[in-house]
Visitor: 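Please find one structure pasted underneath; my questions will follow.
All of these numbers come straight from a predicted model, not from anything done at the bench. Here, residue 1 is the first one in the sequence, and each next residue gets the next number.
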Amino acid sequence: MSYTIPPFFKSLADRVTDGLIASLACIVQRLSQQQLYALAAWIGQLLDRRIKLRRSLIEENLRYAFPEKSEPELQQLVRQIYLEQAIYFLEILRLPLVRTRQDAEALFEIDASLIESRCFSQGRGGIVVSAHFGNWELMAVCWALCVRPIAIVYKPLSNRWLNARLNQWRTACGNELISMQDAARLGLRRLREGKLLALLSDQSGHSDGFYLPFLGRPASVFLGAAVFALRTGLPLLLAMPIRTALGKYRIEFSEIPTSDLSYSTESIHQLAQRYTEAIERYIRRYPAQWFWLHNRWKHIPPAATQPLHTDLSHSAL
């Protein structure tokens, strides 16, 4: 028998969670860099040895993605994944400390020449596709300070107090957040204004969505980045944040080719396949830096041919 948590208790739990996060953030923001990463190492070990957060899911995902790896190699990778997530979590709690271009440049190496040449120098915007990879939250803030603020399509958290707190950190440097429900209208408007529109396109799409091979299994993929790029004719750029050392990242940019495609169902599917494969190549190169805790393959593709979602509010992220 299913049980629904009464709204009062859900609201109370959400408030308590937000309060705990706010308190932890105050502590973390006072730590030295050495203390921060020592704490991350301790949390990583705790997740690995005691809590084992979604461990069975992580192991299942890794076995499909890397069948060639031995069990000891997989377990070592699991430990690295927990450590990476601990690092990203603590760094996100320190987002309010990243206030200036100098702060951002101390964390991220960003060569935006591709964006300048393909977008800004021609007086137009573009679509940026990325993934839940490396510290994508930190990347967005540093990007705003080092290049230009961007519009980001996002899915709000169910905890409205925590969602508001995180959004305040995300937008403090000028970035704009666009919910998935408003993506079709506001996303196109921002592109017409010559701005960049960013979408994370690696997580699970809808059960009746479009399926592609991804890390060893069929996966439902979001088509929003492909729809925006082909509808507007603007460049589609891939941006992946690579952690190179403790507290150091590099964004690697590349352009996903679109010149041979049109605004059609077939072309949208082809373009989605191109950026999905590009994201997968990065995950295979840096497997510990992807967010394996997400239930990416929770949907099983139906036998029938997959339909194209034409409603951008359901396909944008």
Side-chain angles (χ1 to χ4, degrees), residues 16-63 65-66 69-99 103-110 130-142 157 162 165-166 169-170 200 202-203 215 240-252 282-296:
V16 170
T17 300
D18 176 59
L20 290 174
I21 293 295
S23 299
L24 181 58
C26 289
I27 296 172
V28 168
Q29 290 168 22
R30 287 167 171 76
L31 298 179
S32 67
Q33 188 176 64
Q34 182 178 6
Q35 292 170 328
L36 179 77
Y37 294 114
L39 177 58
W42 179 80
I43 293 175
Q45 292 180 357
L46 184 66
L47 292 171
D48 175 49
R49 299 175 182 178
R50 299 294 182 183
I51 300 176
K52 300 183 178 181
L53 179 65
R54 292 198 165 190
R55 190 185 191 96
S56 60
L57 176 65
I58 296 173
E59 291 174 345
E60 177 187 9
N61 291 341
L62 291 175
R63 289 189 181 104
F66 303 101
K69 290 187 180 295
S70 66
E71 192 61 26
E73 289 175 324
L74 288 176
Q75 294 305 319
Q76 176 61 27
L77 183 52
V78 171
R79 288 190 286 272
Q80 293 173 353
I81 289 168
Y82 281 135
L83 174 59
E84 292 290 336
Q85 295 307 313
I87 289 172
Y88 305 151
F89 173 67
L90 295 182
E91 288 177 341
I92 289 171
L93 296 182
R94 289 163 67 92
L95 284 180
L97 300 181
V98 185
R99 302 187 181 98
D103 294 335
E105 289 177 340
L107 296 166
F108 260 89
E109 176 188 343
I110 305 176
S130 190
H132 295 79
F133 182 94
N135 198 328
W136 66 90
E137 297 281 6
L138 183 60
M139 174 179 69
V141 171
C142 292
L157 300 175
L162 186 57
R165 184 178 304 279
L166 183 56
W169 295 349
R170 288 165 164 166
L200 301 181
D202 60 322
Q203 300 292 269
L215 294 169
M240 298 295 286
I242 313 298
R243 189 173 74 81
T244 57
L246 289 178
K248 297 292 183 180
Y249 293 86
R250 178 182 69 252
I251 302 180
E252 293 191 0
Y282 272 95
I283 296 171
R284 292 194 178 279
R285 282 171 57 192
Y286 307 97
Q289 298 196 34
W290 191 56
F291 189 64
W292 291 93
L293 283 74
H294 174 66
N295 190 6
R296 180 65 182 87

Visitor: With a 3.5 Å cut-off and no angle check, do the side chains of Glu59 and Gln75 form a donor-acceptor pair?
Guide: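 There is such a pair (donor and acceptor under 3.5 Å, judged by atom type) between the side chains of Glu59 and Gln75.
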Visitor: Do the non-hydrogen side-chain atoms of Arg243 and Ile87 ever get within less than 4.5 Å of each other?
Guide: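 When only atoms from C-beta onward are counted, Ile87 and Arg243 do touch, with a gap below 4.5 Å.
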Visitor: Between Val141 and Trp169, is the side chain to side chain contact (heavy atoms under 4.5 Å, CB included) condition met? List the steps.
Guide: CA-CA 8 Å; Val141 171; Trp169 295 349; over 6 Å; no
Visitor: Flag yes if more than 12 heavy atoms outside Arg63 fall under 6.0 Å of its CZ atom; otherwise flag no.
Guide: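 Yes, CZ of Arg63 has more than 12 neighbouring heavy atoms, counting only those of other groups under 6.0 Å.
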Visitor: Heavy atoms, side chains only, cut-off 4.5 Å: are Leu39 and Trp42 in contact?
Guide: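 Sidechains of Trp42 and Leu39: in contact.
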Visitor: Looking at every non-hydrogen atom in both residues, tell me the closest pair between Arg165 and Ala22 and how far apart they are.
Guide: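 Residues Arg165 and Ala22, closest heavy atoms: CZ-CB, 3.5 Å.
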Visitor: Which atoms form the tightest heavy-atom contact between Cys142 and Phe108, and what is the distance?
Guide: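 Taking every non-hydrogen atom into account, SG-CD1, 3.6 Å.
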Visitor: Nearest 0.5 angstrom please: Leu74 CG to Ile58 CD1, how far?
Guide: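 Leu74 atom CG to Ile58 atom CD1 measures 12.0 Å (nearest 0.5 Å).
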Visitor: Would you say the side-chain atoms of Tyr286 and Glu84 include a donor-acceptor pair closer than 3.5 Å?
Guide: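 Side chains of Tyr286 and Glu84: no pair found under 3.5 Å.
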Visitor: Pair Trp292, Ile283 - check side chain to side chain contact (heavy atoms under 4.5 Å, CB included), show working.
Guide: CA-CA 10 Å; Trp292 291 93; Ile283 296 171; 3.7 Å; yes
Visitor: Could you check whether any side-chain heavy atom of Leu200 comes within less than 4.5 Å of a side-chain heavy atom of Trp136, counting everything from C-beta outward?
Guide: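 Yes, side chains in contact.
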Visitor: For residues Pro241 and Leu138, determine if any side-chain heavy atom of one lies less than 4.5 Å from a side-chain heavy atom of the other.
Guide: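 Side chain of Pro241 against side chain of Leu138, heavy atoms only: no contact under 4.5 Å found.
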Visitor: Are Leu215 and Arg284 close enough, and set up right, to give a side chain to side chain contact (heavy atoms under 4.5 Å, CB included), and what steps lead you there?
Guide: CA-CA 8 Å; Leu215 294 169; Arg284 292 194 178 279; 4.1 Å; yes
Visitor: Once you round to the nearest 0.5 Å, how far does CG of Asp48 lie from CD1 of Ile43?
Guide: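 The distance works out to 13.5 Å.
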Visitor: Could you give the distance from CG (Asn295) to CG (Leu57), rounded to the nearest 0.5 Å?
Guide: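 Reported value, rounded in 0.5 Å steps: 5.0 Å.
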Visitor: Evaluate Leu246 against Leu36 for side chain to side chain contact (heavy atoms under 4.5 Å, CB included), listing each step before the verdict.
Guide: CA-CA 10 Å; Leu246 289 178; Leu36 179 77; over 6 Å; no
Visitor: Within a strict 4.5 Å, meaning less than it, do heavy atoms of the Leu293 and Ile81 side chains meet?
Guide: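 Yes; the side chains approach each other to less than 4.5 Å.
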Visitor: Give me the atom names and distance for the closest heavy-atom approach of Leu31 to Arg94.
Guide: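 Closest approach of Leu31 to Arg94: O-NH1, 3.1 Å.
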Visitor: With a 6.0 Å cut-off (strictly less than), is the heavy-atom count around CZ of Arg50, excluding the residue itself, greater than 12?
Guide: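 At most 12 heavy atoms, drawn from other residues, nucleotides or ligands, come within 6.0 Å of this atom.
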Visitor: What are the two closest heavy atoms between Ala288 and Gln80, and how far apart are they?
Guide: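 Closest approach of Ala288 to Gln80, heavy atoms only: CB-CB, 3.8 Å.
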Visitor: Are Arg79 and Tyr82 in a cation-pi setup, meaning NZ or CZ lies under 6.0 angstrom from the ring centre and within 45 degrees of the ring axis?
Guide: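 Checked: cation-pi criterion not met.
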Visitor: Any side-chain heavy atom of Leu62 within less than 4.5 Å of one from Lys69?
Guide: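 They are not in contact (no side-chain heavy atoms under 4.5 Å apart), so the answer is no.
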Visitor: Look only at the side chain of Lys52 and the backbone of Leu46, and say whether a donor-acceptor pair between them is shorter than 3.5 Å.
Guide: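 No: the side chain of Lys52 does not pair with the backbone of Leu46.
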Visitor: State the CG-CD distance between Leu24 and Gln29, to the nearest 0.5 angstrom.
Guide: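 These two atoms lie 9.5 Å from each other.
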Visitor: Mark yes when over 12 heavy atoms from residues, nucleotides or ligands other than Glu109 sit less than 6.0 Å from its CD; otherwise mark no.
Guide: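 Not buried by this count: 12 neighbours or fewer within 6.0 Å.
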Visitor: Which value, rounded to the nearest 0.5 Å, describes the distance between Leu77 atom CG and Glu73 atom CD?
Guide: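 If I round to the nearest 0.5 Å, the distance is 9.5 Å.
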Visitor: For atom CD of Gln34, is the number of surrounding heavy atoms from other residues, nucleotides or ligands below 6.0 Å larger than 12?
Guide: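 12 or below, so no.
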Visitor: Looking at CD of Gln85 and CG of Leu90, how far apart are the two atoms once the value is rounded to the nearest 0.5 Å?
Guide: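 Gln85 atom CD to Leu90 atom CG measures 11.5 Å (nearest 0.5 Å).
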Visitor: Would you call the rings of Phe291 and His132 parallel, tilted or perpendicular, where under 30° means parallel and over 60° means perpendicular?
Guide: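 Geometry flag for His132 against Phe291: tilted rings.
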